[in-house]
J.: 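Mind looking over this structure? Questions follow.
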Amino acid sequence: MAEVSRIDETVSERFAGFLAGLTLADVPPPVLATALRDLTDAAGLCLAARNGDYIAQVLEACDTDGPCTVIGHTWTLDAAGAA
């Protein structure tokens, strides 16, 4: 199989390559603070919605156990289900 040249990369592949090369020291403090606030907000929304009908229906459709935490619940799922 031929190696994919840089010009054939998708935007997602190029962005993933950029992110893979970053270290925490590369992230400016204001950007890091914003990211931490956003993650805290997302976790809070997950906890607030954990007992809602919509979430119950979504979780009933997930049948793949895995190593990933489902925020606000005691079981684990694969990455797609936990997300």
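The basis for the numbers below is simple: all heavy atoms, side chains too, and nothing from hydrogens, waters or symmetry mates. Positions are given from 1 along the sequence.
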J.: Over all heavy atoms of both residues, which pair between Arg14 and Glu9 is shortest? Give the atoms and the distance, please.
T.: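 Between these two residues, the closest heavy atoms are NE-OE1, 3.5 Å.
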J.: Run through the side-chain heavy atoms of Ile, Leu, Val, Met, Phe, Trp and Tyr, join any pair under 4.5 Å, and report what else lands in Leu32's cluster.
T.: Leu24, Val27, Val31, Leu36
J.: Check the angle between the aromatic planes of Phe18 and Phe15 and answer parallel, tilted or perpendicular using the 30° and 60° thresholds.
T.: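 Phe18 and Phe15: parallel rings.
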J.: Could you state the interatomic distance from CG (Asp65) to CG (Asp78), rounded to the nearest 0.5 Å?
T.: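 Answer rounded to 0.5 Å: 8.5 Å.
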J.: Going hydrophobic residue to hydrophobic residue with side-chain gaps under 4.5 angstrom, can you get from Ile55 over to Trp75?
T.: yes
J.: Taking all non-hydrogen atoms of both residues into account, name the closest pair between Ala82 and Cys68 and its distance.
T.: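 The pair with the smallest heavy-atom distance is CB-CB, 3.6 Å.
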J.: Does a side chain donor of either Arg37 or Thr34 reach within less than 3.5 Å of an acceptor in the other side chain?
T.: yes
J.: Considering non-hydrogen atoms only, spot the tightest contact between Asp8 and Glu13 and give its length.
T.: O-OE1, 4.2 Å
J.: With a 6.0 Å cut-off (strictly less than), is the heavy-atom count around CG of Asp26, excluding the residue itself, greater than 12?
T.: yes
J.: Using the rule that two of Ile, Leu, Val, Met, Phe, Trp, Tyr join whenever any of their side-chain heavy atoms come within less than 4.5 Å, decide whether Leu39 and Val70 are in one cluster.
T.: no
J.: Looking at Gly66, is its backbone amide N or carbonyl O close enough to the side chain of Thr76 to form a donor-acceptor pair, meaning the two atoms are under 3.5 Å apart?
T.: yes
